[in-house]
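Some notes on the structure that comes next.
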Number of protein chains: 2
Amino acid sequence: MNIEVGKQLRAVRTAFGLSQRELAKRAGVTNGMISLIEQDSVSPSVGSLQKILAALPMTMADFFTRDMEAGGDVVYRAKDLPDVGTGDIQYRLVAASKPDRKMSILWETYEPDTDTGEDLLTHSGEEGGVVVEGELEVTVAGNTWVLGPGDAYYFNSRLPHRFRNTGKQPARIVSANTPPTI
Amino acid sequence: MNIEVGKQLRAVRTAFGLSQRELAKRAGVTNGMISLIEQDSVSPSVGSLQKILAALPMTMADFFTRDMEAGGDVVYRAKDLPDVGTGDIQYRLVAASKPDRKMSILWETYEPDTDTGEDLLTHSGEEGGVVVEGELEVTVAGNTWVLGPGDAYYFNSRLPHRFRNTGKQPARIVSANTPPTI
DNA sequence: TTGCATCGTCAATTATTATTAACATAAATC
DNA sequence: GATTTATGTTAATAATAATTGACGATGCAA
C-alpha cells in the first residue's frame with residue numbers, strides 16, 4: 001500500500017524499454033505480480049523486488065535514490081552551447097548549468113550501422129559528448145534523439161542508454177566519462 | 001530467504017542501541033516479525049521494512065548502501081597519531097589511512113555532566129575530532145570509549161552517536177565535519 | 001533463593017503477497 | 001475486415017509474510 005515503489009518501478013522498467021512480461025520472465029516472477037506492484041496494490045517482499053531489479057540490472061540503493069529523472073536536460077543543441085573560448089582557441093561548454101561534474105575524455109568513431117549493442121548500457125557515473133561528424137542516434141531512458149554535428153548530450157549513466165550510427169558515413173564524437181574509464 | 005537483509009537489520013538495530021521489542025513498538029510491527037527478519041527466515045515486504053527503518057530513522061537507500069561498518073577504525077589513541085607537522089607548527093593527522101575525506105573545523109567545550117542529549121545523533125557526512133582538555137565519553141554504534149587529551153575519533157555520521165563529559169572539569173575538543181555545518 | 005522484568009525465539013493462526021489462468025484492448029499481419 | 005500477437009489488468013487459488021501468544025534464558029532486585 002506504500003506509494004512510491006510502484007511508480008518508481010514503472011518509471012525504471014519503461015526507462016529500460018521492457019514490457020511487464022519481459023521483465024517478469026528475466027526476473028523469475030509473474031507478469032501479474034509486476035502489474036500489481038506498479039499499481040501499488042501490493043507491497044512486494046524485498047526478495048521479490050531484489051529479483052526484479054537484478055534483472056534490469058539495478059541495485060536497491062539506486063532504486064531508492066530517485067535522481068533518475070532525465071528532466072529534459074539531456075540534449076543540448078549546437079546553437080545552444082555557450083562559447084567559453086578565450087583568444088584563438090574556442091571552447092563550447094556542454095551542460096554548463098550543471099555544477100559538480102567530474103570528467104575525462106574519449107574520441108570515438110562509429111562505422112555506418114554499428115551501435116553499442118542490443119542490451120542497454122547502464123553503469124554508475126555521468127557521461128556526455130559532442131557529435132563532430134556524421135549522424136548519431138542516442139537513446140536515453142526510452143527517449144530517442146538523432147544528433148548531427150555540433151549537437152551534444154549529457155546524462156546520468158544509470159539511465160539505460162544506447163548509441164547507434166544511423167547514417168551512411170562514419171560518425172565521430174567527443175565524449176566524456178566519470179569516473180574515468182581509461 | 002534472501003541473505004543480507006537480516007544481518008544488516010540486526011547490525012543497524014544494535015548500532016542504534018534498541019531491542020527488538022523497542023524497535024517493533026516504534027515501527028508499529030511485532031517483535032516476532034523483527035526476530036524472523038533478522039534470522040533471514042522471511043523476506044519482509046518493502047512496506048514493513050520502510051516502517052521499521054523510518055523508526056530508527058534510516059532511509060532505504062542508506063540501508064542498502066552498506067558502508068556502515070565501524071570496522072575498528074573509530075578510535076585513534078594519542079600515541080598512534082602520526083605527526084605530519086613541518087617546521088615550528090605541529091600537525092597530528094587523524095585517520096591518515098582513510099582517503100577521500102572532506103573536512104571543516106569546530107572548537108567545542110563540554111561543561112561537566114553535559115552531553116549531546118538522550119537521543120542518538122545520526123546524519124549524513126563524516127565527522128572526527130581530538131580531545132584537547134578534560135575527559136570525553138564517545139558512543140558510536142553501540143560501542144563506548146572514554147577519551148583523554150590527545151585521543152581522537154573519526155566515523156561516518158550515519159552511525160548513531162553521542163558525546164558526554166563524564167569528568168569533573170570542562171572538556172574541550174577540536175572537531176571536524178563534512179559537509180560543513182557552519 | 002525467589003520474584004520480576006526483559007531479552008530473543010518459535011508454533012499456530014491470520015493477513016497479505018505471489019501465481020495461475022483467464023480477460024479486454026490495441027497494434028500488426030494476413 | 002479477420003486473425004494473430006502483444007500489451008496491461010484482474011478473480012481465484014496457492015504460497016508466504018505478519019500477528020498472536022506462548023516459551024526458556026538471562027539479569028537484576030527483593
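Below, chains carry the letters A, B, ... as their sequence lines are ordered, and counting in each starts from 1.
- Of all non-hydrogen atoms in A:Glu111 and A:Pro170, the two that sit nearest each other are OE1-CG, 3.8 Å.
- Between C:dT19, D:dT19, C:dC7, one nucleotide has an atom nearer to the side chain of B:Glu22 than all others, and that is C:dC7.
- Between B:Arg21 atom CZ and D:dA18 atom C1' the separation is 16 Å, expressed in whole Å.
- Rounded to whole Å, atom C1' of D:dT9 lies 15 Å from atom CG of A:Asp40.
- In this structure, the side chain of A:Gln8 engages the main chain of A:Phe63 through a donor-acceptor pair within 3.5 Å.
- The CG atom of B:Leu49 sits 20 Å away from the P atom of D:dT16 (whole-angstrom rounding).
- Listed nucleotides: D:dT19, D:dA17, C:dT19. Nearest to the side chain of A:Met33: C:dT19.
- Whole-Å rounding puts the B:Leu36 CG to D:dT20 P distance at 14 Å.
- When the nucleotides C:dA18, C:dG8, D:dT9 are ranked by their closest atom to the side chain of A:Gln39, D:dT9 comes out on top.
- Between A:Arg10 and B:Val29, the one whose closest nucleotide on DNA chain D sits nearer the 5' end is A:Arg10.
- Relative orientation of the B:Phe64 and A:Phe64 rings is parallel, given thresholds of 30° and 60° on the angle between their planes.
- Atom CD1 in B:Ile34 sits roughly 14 Å away from atom C1' in D:dA17 (whole-Å rounding).
- Spacing between atom CD of A:Gln50 and atom P of C:dA18 amounts to 12 Å, rounded to whole angstrom units.
- Closest contact between the side chain of B:Ser43 and the listed nucleotides D:dA17, D:dT19, C:dT19 involves D:dA17.
- When distances run from any side-chain atom of A:Thr30 to the nucleotides C:dT17, D:dT9, C:dT19, the shortest one goes to C:dT19.
- In this structure a side-chain-to-backbone donor-acceptor pair under 3.5 Å is present from A:Asn165 to A:Gln169.
- Using a 4.0 Å heavy-atom criterion, one finds that A:Ser35 contacts the bases of the nucleic acid, with or without backbone contacts as well.
- For D:dA18, one of the phosphate oxygens OP1 or OP2 lies less than 4.0 angstrom from a side-chain nitrogen or oxygen of B:Ser48.
- For the OP1/OP2 pair of C:dC7 and a distance below 4.0 Å, the side-chain nitrogens and oxygens of B:Ser19 include at least one atom meeting the criterion.
- In this entry the distance linking CD1 of A:Ile37 with C1' of C:dT19 reads 12 Å, nearest Å.
- The base of D:dT9 is paired with the side chain of A:Asn31 by a donor and an acceptor separated by under 3.5 Å.
- Closest to the side chain of A:Gln20, from the set D:dA18, C:dT20, D:dT9, is D:dT9.
- Nearest heavy atom pair, residue A:Gly167 against residue A:Pro112, reads O-CB, 3.7 Å.
- What separates CZ of A:Arg13 from C1' of D:dT9 is a distance of 12 Å, to the nearest Å.
- In the set C:dT9, D:dA17, C:dT17, D:dA17 carries the atom at the smallest distance from any side-chain atom of B:Val42.
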